[in-house]
Every structure is written in C-alpha cells, then in structure tokens.
2 protein chains.
Amino acid sequence: MEEKTRPGPKRSLTAEQIVDVALELFDGEAPSIRGVAAKLGVRPNTLYTYLPDRAAMERALVDRFLAMADPDLLIGRRVWRRRVEDYACALRSVLLRHRGAAALLHTAPIDGQTAALVGERLLAVFTSAGLSTADAARSTYAVIVHVLGSATLTAADLRGGTEADIVAARLEVAIDPGFLPLTAAAWPVVATWNTEEQFRWSLRTLLNGCVGGA
Amino acid sequence: MEEKTRPGPKRSLTAEQIVDVALELFDGEAPSIRGVAAKLGVRPNTLYTYLPDRAAMERALVDRFLAMADPDLLIGRRVWRRRVEDYACALRSVLLRHRGAAALLHTAPIDGQTAALVGERLLAVFTSAGLSTADAARSTYAVIVHVLGSATLTAADLRGGTEADIVAARLEVAIDPGFLPLTAAAWPVVATWNTEEQFRWSLRTLLNGCVGGA
DNA sequence: CCTATCTCTGTACGGTGTGCAATGTTATGC
DNA sequence: GCATAACATTGCACACCGTACAGAGATAGG
C-alpha cells in the first residue's frame with residue numbers, strides 16, 4: 001500500500017494529470033502527445049515516463065468518458081426499463097457532447113473498471129427482470145452494442161451540426177422515388193434516425209425482444 | 001454522357017485505380033497518401049488531382065467495404081428473417097476480415113450508394129413483414145446500428161487473434177466474485193460475446209422486438 | 001501558331017510519434 | 001559523508017505524415 005521509495009528525482013507529474021489535460025484539450029479527437037506536453041510545460045518525451053505510448057493515453061480517455069455517465073442511474077427503485085433507458089440516454093449524451101469520443105471507443109477493447117461496473121449492473125437489471133443468467137448476459141451485450149453503435153453512427157453524422165440541423169438538412173435531400181421508392185416514402189422518418197427519440201424507440205424495441213422470448 | 005474534351009495532358013490515373021491500391025494496401029487502417037502514390041509510381045501530390053484530400057480516399061474505401069457484402073442476400077424467396085440474418089452475417093464477416101474497416105465507417109456519414117441500396121432493401125423486408133412505413137424505417141435503423149455496432153466492438157476486441165483465441169483468453173481471466181458476482185457467474189457467456197453465435201442471438205432478439213410490438 | 005488549361009513534379013512547411021544518449025537529481029548502502 | 005545505482009527529464013534526431021505552391025510540360029481550341 002505505502003508507496004515504495006525509490007532513488008531518482010521526484011516525478012513532476014502524475015498519469016492522472018496528463019489525462020486531465022488530454023481531456024481538456026480533447027476536441028473531436030485525442031490531442032497530440034506534443035500538445036499535451038506543451039500545456040503541461042514539459043518536453044514531449046517526459047510523458048513517456050508515465051505512459052507507454054499514445055494509445056495508452058487514448059485508453060485512459062475512453063475510461064474517463066465512460067465514467068461521465070453516472071452508472072448509478074442503473075440502480076434504484078425505478079422500474080428496470082426506466083433505469084436502462086436513463087443510463088443509455090446519459091451515456092449517449094456524453095458521447096455526443098464530446099465529438100469523437102465514440103470513435104475513440106473503438107480503438108481498443110473496452111475493459112476499464114467503469115465498463116465492468118456497468119456490465120455488472122446491467123446483468124443485475126436483467127436478472128431482476130426474470131431472465132436466466134445466460135440470457136441476461138446476452139441481453140447486456142445487446143444493449144451495449146446498441147448504445148455504443150447508435151451513438152457512434154450519430155456522432156459521425158452530426159459532425160458539426162445540432163440534431164435539429166441534421167434532421168432539417170436530411171429532409172431537404174430529394175430521394176428519387178424511381179430508384180428508391182420505399183426510402184422516398186419513409187424519408188420523413190429516416191431523417192430522424194439520429195434523434196434521441198429514435199434512439200429510445202430502438203432501445204425499447206430491443207428490450208422488448210430481450211424479455212419477450214423468455 | 002460523352003466525356004467533355006479538355007485541354008491539358010491526358011490523366012495517367014483514375015480515382016478508381018487509386019482506391020484499388022488503397023484497398024490492396026489496407027492493413028488495419030487506411031494507407032497513407034504517400035504510400036498509395038509510391039505504389040502507383042507517382043508523386044504524392046498527383047493524387048490531389050483525383051481526390052480533394054485523404055478523407056475522400058477513406059470515404060471511397062468505406063463504400064468498397066460495404067459493397068463487399070452482397071446486398072442481393074436481402075432479396076429472394078427465403079423467409080425475411082433469414083434474409084436479414086444472412087446479409088448481416090455477411091457484412092459482419094467482411095468488417096472482421098478487414099481489421100480496421102469497421103472503425104473507418106465511423107469517420108464520416110455513411111451515404112454511399114451501396115448504403116442507400118441496403119437501406120431500401122431492408123425497408124422492403126420489414127414492409128413485407130407487415131410493418132408500417134414508420135416502423136419499417138425505425139427497424140431498419142435499429143438493424144444497421146446493431147450490425148455495425150457489434151462488428152465494430154468485436155473488431156476492436158479481436159485485434160490480432162481469432163474468435164476462438166479471444167474466447168479462450170477471456171475465459172482465463174479471473175473475475176472477483178466479491179466485486180462483480182453476477183459478472184463472475186455469467187462469465188462463460190460473457191466470454192462468447194464476440195462470437196458469431198452471440199451476434200445472431202442479439203440480431204434475432206432485436207428482430208423479435210421489431211415485429212412483436214406491432 | 002498562340003493561348004488557355006490541365007497534369008504532374010520539386011520543393012517545402014509544419015506537424016506527428018518516439019528512440020537514444022546525455023544531464024542532473026535522488027535515496028540507499030557503505 | 002560519500003559513492004553508487006536508479007531514476008526523471010531533456011535535446012536531438014529520425015522517419016514519417018498531409019498538403020500548399022509554383023513551375024514545367026503536354027494538350028486542345030481558336
């Protein structure tokens with residue numbers, strides 16, 4: 001527990017500080033090593049005392065982003081569907097607020113401790129909803145896939161505009177009913193694919209499937 | 001239609017050729033402009049005659065990857081669930097075969113013509129299954145999210161190993177039942193999250209939800 | 001033939017991650 | 001108290017990257 005005392009000069013930074021400023025500098029993508037070092041008033045190489053490489057910084061950022069959506073939303077006395085939906089929306093919101101965060105998630109396996117906690121709580125939710133252990137586990141994965149997948153696609157579409165902008169822009173696109181008749185007919189709905197409403201709809205639909213087949 | 005004749009020397013390349021070698025050089029991520037140019041025996045700047053920037057090359061690559069999963073799998077006389085499942089598995093397979101392709105999808109909006117065709121056909125599937133136009137559109141989006149989301153997460157997890165490797169490696173991780181009791185209990189299933197079997201399970205579950213609430 | 005237009009190249013700029021040897025600081029064993 | 005070994009930090013360098021810009025050469029229309 002007590003930190004082992006070692007020779008050599010004191011460290012002037014901590015890994016946490018580095019991630020702090022990396023988060024501060026985050027703007028669509030992870031900042032450069034050189035940028036972070038500059039903000040810390042230090043030469044770039046110094047960071048390699050604390051991190052093996054740039055990828056490690058990105059992994060740490062991912063965990064920070066995940067932790068921004070309060071996992072406590074998954075517990076409490078509300079009905080289980082509500083808890084899942086609340087947490088899912090919170091996470092989606094975080095990933096959309098920080099553009100590029102979603103894409104960063106797919107850089108490496110997601111195995112931080114925040115992710116583990118969320119998994120555990122989703123399992124609890126589905127177990128309490130009456131699913132078997134195996135079905136709860138599968139459902140947990142399905143939900144994670146949906147939340148991250150949807151947020152990622154939406155983030156890619158949003159790049160720079162608000163939700164309303166995107167819908168409006170989409171609505172102005174003219175679809176040739178000769179080539180894509182169904183798409184043309186469904187266009188008013190297709191234009192809203194990246195809204196929170198659609199997100200909730202497909203999440204609820206997925207949950208229906210999860211508990212329906214039992 | 002007939003190409004307008006213009007002054008200036010003949011072009012030595014086509015945009016398609018460039019994408020061809022970009023695809024050939026693809027290895028986890030899109031190759032560099034300089035790399036593609038070298039393989040084409042040309043100076044890097046030359047490519048800017050055909051592409052506005054590197055992002056355009058990546059967009060073209062995305063469309064190529066999407067086109068590798070045969071959209072015809074979505075049509076035919078098989079039952080609709082089967083058609084969706086077949087296409088979804090084919091696309092997943094393509095995205096896993098080319099590591100990094102999935103992540104590339106999330107670089108920009110997916111609006112190529114292959115994507116449009118797939119959307120149209122998914123709408124047809126759900127319409128033929130009895131859904132309203134709006135529900136068909138929402139279901140289409142939900143399926144796309146699931147396929148791309150799942151493939152992306154799996155691709156991030158797979159980085160370098162086969163499916164069996166990953167499952168085996170996961171199984172060897174010891175989960176502390178004190179901290180994560182449910183996760184520990186469900187671990188044999190959790191370890192298979194990135195298998196095709198789980199992919200099919202959650203897709204079927206989603207489809208159940210799509211047609212169940214009608 | 002002249003000229004406008006186009007492709008391709010040479011060169012260059014400012015950026016990236018990171019390896020390596022040198023410099024200087026620190027705690028420990030004598 | 002001092003030598004020593006371990007350590008943090010730095011300067012420098014390398015090999016890349018995307019791409020801007022000016023110029024050279026090729027080509028078509030007038």
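None of these values were measured; they are calculated from a predicted model. The sequence lines fix the lettering, A, B, ..., with proteins before strands; numbering per chain opens at 1.
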Legend entry - Within 6.0 Å of CD in B:E197, more than 12 heavy atoms from elsewhere: no

Inset, instruction - Go through the structure and list residues passing salt bridge (Lys or Arg N to Asp or Glu O under 4.0 Å) with A:R54, not counting sequence neighbours. - result: A:E58

Inset, instruction - Under the side chain to side chain contact (heavy atoms under 4.5 Å, CB included) rule, collect the residues that match up with B:A155, sequence neighbours excluded. - result: B:L96, B:A102

Side-chain atoms of residues 156-171 of chain B: list all donor-acceptor pairs with protein atoms under 3.5 Å, sequence neighbours left out, distances to 0.1 Å.
unit_1	atom_1	unit_2	atom_2	d
B:D157	OD2	B:R170	NH2	2.9
B:D157	OD2	B:N194	ND2	2.7
B:R159	NH1	A:T107	O	2.9
B:T162	OG1	B:A164	N	3.3
B:T162	OG1	B:D165	N	3.2
B:T162	OG1	B:D165	OD2	3.3
B:E163	OE1	B:R92	NH2	3.3
B:E163	OE1	B:E196	N	3.3
B:D165	OD2	B:T162	N	3.1

Inset, instruction - Step through the shown structure and confirm whether more than 12 heavy atoms of other residues, nucleotides or ligands are within 6.0 Å of CD on A:Q17. - result: yes

Legend entry - B:R82 atom CZ: more than 12 heavy-atom contacts under 6.0 Å: no

Legend entry - Atom-to-atom span, CD1 of A:I33 to C1' of D:dC16 - whole angstrom: 16 Å

Inset, instruction - Specify the angle, to 10°, made by the local axes at the two ends of the helix from C:dC1-D:dG30 to C:dC30-D:dG1 when five pairs are taken at each end. - result: 10°

Legend entry - Contact residues, residues 15-28 of chain A to DNA chain C [heavy atom, < 4.0 Å]: none

Inset, instruction - For each nucleotide in nucleotides 6-15 of chain C, reading 5' to 3', give B when a protein heavy atom comes within less than 4.0 Å of its base, S when such contact involves only the sugar-phosphate, and - otherwise. - result: BSSBBBB---

Legend entry - Length of the line joining A:L47:CG and D:dC7:C1', which is rounded to integer Å: 17 Å

Legend entry - Qualifying residues under side-chain hydrogen bond (donor to acceptor under 3.5 Å, both in side chains), relative to B:D20, sequence neighbours excluded: B:R64

Inset, instruction - Starting from C1' on C:dC20, measure out to OH on A:Y48 and report it in whole angstrom. - result: 14 Å

Inset, instruction - Quickly work out the A:L40 CG to D:dA8 P distance and round it to whole Å. - result: 16 Å

Inset, instruction - Go through the structure and list residues passing salt bridge (Lys or Arg N to Asp or Glu O under 4.0 Å) with A:E172, not counting sequence neighbours. - result: none

Hey, can you pull the donor-acceptor pairs under 3.5 Å for the side chains in residues 120-127 of chain A, sequence neighbours left out?
unit_1	atom_1	unit_2	atom_2	d
A:E120	OE1	B:L182	N	3.4
A:E120	OE1	B:T183	N	2.8
A:E120	OE1	B:T183	OG1	2.5
A:E120	OE2	B:L182	N	2.9
A:R121	NH1	A:P71	O	3.2
A:R121	NH1	A:D72	OD1	2.8
A:T127	OG1	A:L123	O	2.7

Inset, instruction - Can you sort out which residues in residues 55-65 of chain B have a heavy atom within less than 4.0 Å of DNA chain C? Ascending by number, please. - result: none

Legend entry - More than 12 heavy atoms from other groups under 6.0 Å of CG on B:D27: no

Inset, instruction - Among A:I144, A:L73, A:V147, find the one that has a side-chain contact (heavy atoms from CB on, under 4.5 Å) with A:L91. - result: A:V147

Inset, instruction - Not counting sequence neighbours, list each pair that qualifies as a side chain to side chain donor-acceptor pair (under 3.5 Å) and has a residue in residues 95-105 of chain A. - result: A:S93-A:R97

Legend entry - Pairs satisfying side chain to side chain donor-acceptor pair (under 3.5 Å), at least one member in residues 42-52 of chain B, at least two apart: none

